[in-house]
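Below is one structure, written out as structure tokens, with a few remarks after it.
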Amino acid sequence: MKLIFESGASGRGCSVLPECDVPVFSLPESMRREKAPNLPQLSENDISRHYTALAGRTHGVNNGFYPLGSCTMKYNPKINEEMAALPGFSSIHPLQPEHTVQGAMEVLYQTEKALCEITGMDGMTFQPAAGAHGEFTGLLLIKAYHKHRGDSKRTKIIVPDSAHGTNPASAAMAGFTVVSIPSQEDGCVDLEKLRAAVGEDTAGLMLTNPNTVGLFDKNILEITKIVHDAGGLNYYDGANLNAVMGISRPGDMGFDVVHLNLHKTFSTPHGGGGPGSGPVGCKALLADFLPGPVVKEEQGQYRFHTPEHSIGRVKSFYGNFAVVVKALTYILTLGAEGIREASQNAVLNANYMMKKLCDLYTMAYDERCMHEFVMSLEPLKKETGISAMDIAKGLLDNGIHPPTMYFPLIVHEALMVEPTETESKETLDEAIEVFRSLYETAKTDPQALHDAPHHTPVRRLDEVGAARNPKLRYSFE
Amino acid sequence: MGSYVPSTPAQRREMLEAVGCSSMEELFGHLPQQVLLDRPLDLPRGLSELEVRRAMEKTAARNTVFSTVFRGAGAYRHYIPAIVKQVVSKEEFVTAYTPYQAEISQGVLQSIFEYQTMICELTGMEVSNASVYDGATAAAEAVAMCRDRKRTKALISAAAHPDLIQTVKTYCEGSNTPVEIIPAKDGKTDLDALSAMLDDSVCCVLIQQPNYFGQLENADQAGVIAHEAGAKYIMSCNPISLGMLKTPAESGADIAVGEGQPLGLSLSFGGPYLGFMACTNALVRKIPGRIVGETTDVDGKRAYVLTLQAREQHIRREKASSNICSNQALCALTASVYLAAMGTKGLQQAAEQSFAKAHYFAAEMAKIPGCELRFSGEFFHEFVASCPDVPKVMAALEAQGILGGLPLGGELSGCVLWCATEQNSKEEIDRAIAVIKEVCGA
């Protein structure tokens with residue numbers, strides 16, 4: 001289809017602003033841009049149709065099943081959107097006087113209290129805009145903690161090799177050296193390797209639990225104790241919190257600092273890549289280091305406060321506030337029991353799908369999973385030549401967004417399936433049938449899968465060519 | 001209790017049975033007893049949609065929505081055309097994830113490609129990424145792009161937004177990058193001081209245009225000075241101002257960043273906003289975050305895909321150019337639709353009118369005894385003026401439903417940073433002036 005720059009006509013446009021009602025002021029020519037920007041020249045109708053066509057070439061959660069592992073693509077409730085759009089939230093300036101934004105501060109305060117209860121933490125910042133941003137912030141808290149104690153030799157962060165790529169990248173950005181430790185065969189932390197890795201230079205450990213292969217690490221208390229005994233702190237990557245809400249809390253597992261992904265666990269939408277929100281919660285020992293300002297309550301009045309040893313800001317203002325409004329709406333809707341019910345059903349749906357596929361597909365770990373499970377297509381690939389990629393592309397023709405592919409790195413030909421709790425049994429049964437029939441196709445007609453997808457707006461892309469000869473913008477010439 | 005779980009109790013029993021469990025508790029039976037929460041969460045009971053709506057509306061009503069706003073300082077109230085909200089509310093855009101599966105994500109991918117093109121047009125730069133969190137983190141990421149083994153020190157103008165300076169400092173604390181602040185003189189970056197601060201340990205010079213005080217920096221000169229010392233030159237720009245002001249490319253910038261909120265995003269108490277980042281071709285392998293490129297599919301059809309991923313965390317892990325994964329895609333889409341609706345002419349109008357209204361406002365204010373413009377240079381749509389009684393003026397304006405400018409502190413205590421945009425009619429400005437006059441006894 002056409003790019004927005006390829007439609008329209010010179011001189012066409014929308015009528016948006018009135019004539020200027022004050023005298024014109026002149027700016028010296030030397031300060032003016034020489035060349036006007038080439039922006040679209042479209043009617044409102046042109047714009048509407050262009051984006052309607054683009055929306056038609058986009059698969060969202062509203063279009064169909066989206067079992068993208070580690071991304072928690074649950075349904076995004078519409079009431080959340082309406083609440084965030086209330087003028088009382090959407091039309092307030094971030095630098096209004098405190099007495100005029102008590103409602104907004106109440107949102108931050110209430111959400112903090114609820115999320116601290118769910119995670120077992122004592123304090124929280126909403127400044128981080130996404131999960132990786134939260135990781136960076138949490139690691140800076142750990143860094144500041146050690147520095148404040150005069151313990152300057154703690155320069156290393158331990159990260160299991162099964163971790164999401166943002167973990168080591170965040171640790172590096174926070175100025176730490178990354179120590180990668182291999183996982184056990186069952187995907188869990190190897191206690192011996194961890195014991196060997198910790199020492200006087202250990203600043204902390206980064207972990208998700210359930211881990212990135214979808215298993216709850218049974219040794220979690222031992223793991224966090226090993227790190228604590230060595231003088232380090234434990235960082236919880238909240239990517240997989242959807243498995244344990246109301247069932248088990250990171251704070252009770254021995255973690256000192258966590259980040260959450262409101263755009264995963266708390267039902268706020270992903271927006272085609274963002275905005276998310278990555279609040280960071282911490283135990284009391286780290287609360288004095290949080291980015292400021294945080295909201296305090298005194299006699300029914302909210303006020304902003306900057307913690308005494310704050311690491312400083314990580315973003316303008318107070319984070320992605322509108323996303324927090326959506327998450328609070330969700331928390332109020334579900335309540336204590338509904339939040340637990342969400343996690344229970346997320347785990348049930350994953351186990352059900354795994355059970356119904358395990359006779360055909362090879363499960364990377366053949367035991368009770370949490371909210372997601374990982375299949376290895378390696379045996380199928382050896383037998384038929386059909387890879388995880390081919391199965392993924394076959395799913396596209398069936399209206400299903402593929403699972404996460406080739407992650408975690410420790411499983412070969414991995415497909416990571418996370419159904420979430422908001423999918424019905426009928427949807428799961430249909431998807432199970434699709435997975436099973438693709439397995440059959442792999443054996444009977446592998447070429448059909450190598451050539452898939454067949455029915456999407458475009459078919460497989462030349463990604464190598466795109467990177468070799470980067471064309472990163474439209475050229476008007 | 002509200003719930004979004006569709007399976008019925010009977011279906012749940014059926015599924016539990018299929019996985020060999022008799023109850024939900026048994027499903028979690030493999031977790032160590034010591035880490036199980038042995039009580040219900042201490043949260044209120046769940047609510048129906050109507051109850052939630054009432055509760056949230058009550059909270060929202062505790063905020064004051066000002067009908068007239070003369071406050072900017074990093075968050076600006078511009079007019080948002082109706083088409084913008086309609087387009088960005090489309091569920092496909094709202095509920096999709098990062099476009100990893102290109103075949104079913106061409107809509108999002110093409111919209112990002114178009115966004116990248118518009119940012120390049122706006123800034124004059126050669127390459128744009130798909131967005132970062134906000135203007136402050138964009139500046140911090142830009143500084144990280146410039147650092148190398150030999151050159152580690154960053155110089156940031158004191159006249160940049162305080163949140164931007166603090167955010168850059170926090171990021172640099174992480175990477176152990178020294179940051180020094182270039183002092184301001186008469187509301188602008190002191191270029192003589194800058195020259196004196198430069199040496200071969202400096203990796204970059206960052207200035208904001210227009211700066212925090214609304215003043216227009218001598219951006220060309222700052223660039224020349226930075227480049228003569230071998231440092232990279234970063235400009236943080238207001239995107240609306242680029243409807244009329246010289247572009248960062250024309251001023252010699254290596255990297256242009258900025259807060260994209262003025263491009264159709266609501267104020268929303270500070271977020272979500274949009275960090276835009278653009279650079280020269282020479283720096284393309286260093287720019288962080290997602291980038292969309294054009295390619296073809298197996299049938300030769302034009303198509304779009306995430307590209308140059310070898311820079312990113314999921315490939316490079318601790319050696320990545322940044323840890324960024326999620327960005328602000330829907331906000332980038334918002335900016336694109338805004339720019340499409342405004343077009344070249346509309347954007348220029350928004351810029352010229354904001355400029356004209358701020359100048360009218362400033363001229364009227366300067367007529368009030370005790371309200372003097374603090375700085376002598378050219379400004380865009382914000383200016384600093386002294387005020388004989390700041391709290392009184394603010395209170396009087398608030399009583400009229402007007403959010404006054406931002407009271408400043410420190411050396412500028414007793415001064416106010418005022419802002420006007422195309423949204424402020426002459427009538428609104430005259431009304432605010434009348435209130436201020438009355439308070440000041442003029």
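Numbered from 1 within each chain, the chains take letters A, B, ... in sequence-line order. Computed from a predicted model, the values in this text were never measured in an experiment.
- Of the atoms belonging to Leu27(B), heavy atoms from both backbone and side chain fall under 4.5 Å from chain A.
- If you measure heavy-atom distances from Val337(B) to chain A, the contacts under 4.5 Å come from both the backbone and the side chain.
- By the 30° and 60° cut-offs, the orientation of the rings of His161(B) relative to Phe317(A) is perpendicular.
- For Pro97(A), the parts sitting under 4.5 Å from any heavy atom of chain B are the backbone and the side chain alike.
- Between the side chain of Ser7(B) and the main chain of Lys425(A), no donor-acceptor pair closer than 3.5 Å is present.
- The choice from Ser268(B), Ala75(B), Gly46(B) that makes the most heavy-atom pairs within less than 4.5 Å of chain A is Ser268(B).
- Heavy atoms of Leu86(A) lying under 4.5 Å from chain B belong exclusively to its side chain.
- In this structure, the ring of His133(A) has its center less than 6.0 angstrom from the ring center of Tyr133(B).
- Proximity to chain A (any heavy atom under 4.5 Å) is shown, for Thr64(B), by both the backbone and the side chain.
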Would you check, one step at a time, whether the test side-chain hydrogen bond (donor to acceptor under 3.5 Å, both in side chains) holds for Asn62(A) with Thr95(B)? CA-CA 7 Å; Asn62(A) 66 305; Thr95(B) 70; 3.1 Å; yes

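- Ring geometry for Tyr75(A) versus Tyr4(B): interplanar angle of 30 to 60°, hence tilted.
- For Ala61(B), no part lies under 4.5 angstrom from a heavy atom of chain A.
- Interface remark: Met83(A) contributes side-chain atoms only to the contact with chain B (heavy atom separation under 4.5 Å).
- A donor-acceptor pair shorter than 3.5 Å can be found between the side chains of Asn320(A) and Gln328(B).
- Contacts between Met73(A) and chain B at a heavy-atom distance below 4.5 Å involve the side chain alone, from C-beta outward.
- Of the atoms belonging to Ala104(A), heavy atoms from both backbone and side chain fall under 4.5 Å from chain B.
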Just do the side-chain hydrogen bond (donor to acceptor under 3.5 Å, both in side chains) check on Glu341(A) and Ser3(B) with the steps written out, would you? CA-CA 8 Å; Glu341(A) 184 201 39; Ser3(B) 171; 3.0 Å; yes

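- A salt bridge does not link Glu250(B) with Arg33(A): none of the charged nitrogens is closer than 4.0 Å to a carboxylate oxygen.
- Of the atoms belonging to Glu378(B), it is side-chain heavy atoms, and not backbone ones, that fall under 4.5 Å from chain A.
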Would you please test Thr52(A) and Lys90(B) for side-chain hydrogen bond (donor to acceptor under 3.5 Å, both in side chains) and show each step? CA-CA 8 Å; Thr52(A) 299; Lys90(B) 286 181 189 291; 3.0 Å; yes

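- Between chain A and the options Arg45(B), Gln101(B), Gln166(B), the largest number of non-hydrogen pairs under 4.5 Å is found for Gln101(B).
- The contact between Val127(B) and chain A is made entirely by side chain atoms (from C-beta outward), counting heavy-atom distances below 4.5 Å.
- Looking at Glu337(A), the atoms closer than 4.5 Å to chain B (heavy atoms on both sides) sit in the backbone and in the side chain alike.
- For the pair Ile83(B) and Ser48(A), the minimum side-chain heavy-atom distance is below 4.5 Å.
- Within the 4.5 angstrom heavy-atom criterion, atoms from both the backbone and the side chain of Asp252(A) approach chain B.
- With a 4.5 Å cut-off on non-hydrogen atoms, Pro470(A) touches chain B through its side chain but not through its backbone.
- Tyr318(A) and Phe269(B) have their aromatic ring centers within a separation under 6.0 angstrom.
- In this structure, no portion of Leu139(A) lies under 4.5 Å from any heavy atom of chain B.
- With a threshold of 4.5 angstrom between heavy atoms, Lys143(A) approaches chain B through side-chain atoms but not through N, CA, C or O.
- Both the backbone and the side chain of Tyr171(B) come within contact range of chain A, with heavy atoms under 4.5 Å apart.
- If you measure heavy-atom distances from Leu221(A) to chain B, the contacts under 4.5 Å come from the side chain alone.
- In this structure, chain B has heavy atoms under 4.5 Å from both the backbone and the side chain of Leu332(A).
- Interface residue Leu36(B): backbone and side-chain heavy atoms are both found under 4.5 Å from chain A.
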Side chain to side chain contact (heavy atoms under 4.5 Å, CB included) between Met244(B) and Leu27(A), worked out: CA-CA 9 Å; Met244(B) 62 190 285; Leu27(A) 178 75; 3.8 Å; yes

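- Looking at Pro457(A), both its backbone and its side chain come within 4.5 Å of chain B, counting heavy atoms on both sides.
- Residue-environment remark: NZ (Lys169(B)) stays at or below the threshold of 12 foreign heavy atoms within 6.0 Å.
- In terms of heavy-atom pairs under 4.5 Å with chain A, the best-connected choice from Ile315(B), Leu242(B), Ile429(B), Leu333(B) is Leu242(B).
- Only one option out of Glu121(B), Gln116(B), Glu126(B) pairs with Arg473(A) in a side chain to side chain donor-acceptor pair (under 3.5 Å); it is Glu121(B).
- Counting heavy-atom pairs under 4.5 Å between each of Val292(B), Val305(B), Val5(B), Thr296(B) and chain A puts Val5(B) at the top.
- Here the options are Lys393(A), Arg459(A), Arg460(A), the test is salt bridge (charged side-chain N to carboxylate O under 4.0 Å, His left out), and the partner is Glu103(B); only Lys393(A) passes.
- Between the OG1 atom in Thr58(A) and the CD atom in Glu91(B) there is a gap of 12.5 Å [rounded to 0.5 Å].
- At least one side-chain heavy atom of Phe216(A) sits under 4.5 Å from a side-chain heavy atom of Pro32(B).
- Salt-bridge check for Arg53(B) with Glu82(A): passed, with a basic side-chain N closer than 4.0 Å to an acidic carboxylate O.
- If you take NZ on Lys357(B) and CZ on Phe25(A), they are separated by 12.5 Å, rounding to the nearest 0.5 Å.
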Applying side-chain hydrogen bond (donor to acceptor under 3.5 Å, both in side chains) to Asp134(B) and Ser316(A), what does each step give before you reach the verdict? CA-CA 7 Å; Asp134(B) 71 350; Ser316(A) 296; 3.2 Å; yes

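- Contact count against chain A (heavy-atom pairs under 4.5 Å) is highest for Ala340(B) among Ala320(B), Ala340(B), Ser175(B).
- Side-chain contact of His50(A) with Glu114(B): a donor-acceptor pair under 3.5 Å is present, judged by distance alone.
- Interface remark: Lys355(A) contributes side-chain atoms only to the contact with chain B (heavy atom separation under 4.5 Å).
- Heavy atoms of Asp299(B) lying under 4.5 Å from chain A belong exclusively to its side chain.
- Heavy atoms of Leu245(B) lying under 4.5 Å from chain A belong to its backbone as well as its side chain.
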Given Leu348(A) and Arg12(B), is the side chain to side chain contact (heavy atoms under 4.5 Å, CB included) satisfied, shown in steps? CA-CA 8 Å; Leu348(A) 178 60; Arg12(B) 292 180 207 184; 4.2 Å; yes

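- Within the 4.5 angstrom heavy-atom criterion, no atom of Ser131(B) approaches chain A.
- Top candidate by heavy-atom pairs under 4.5 Å with chain A, chosen from Tyr97(B), Tyr79(B), Tyr360(B), Tyr273(B), is Tyr97(B).
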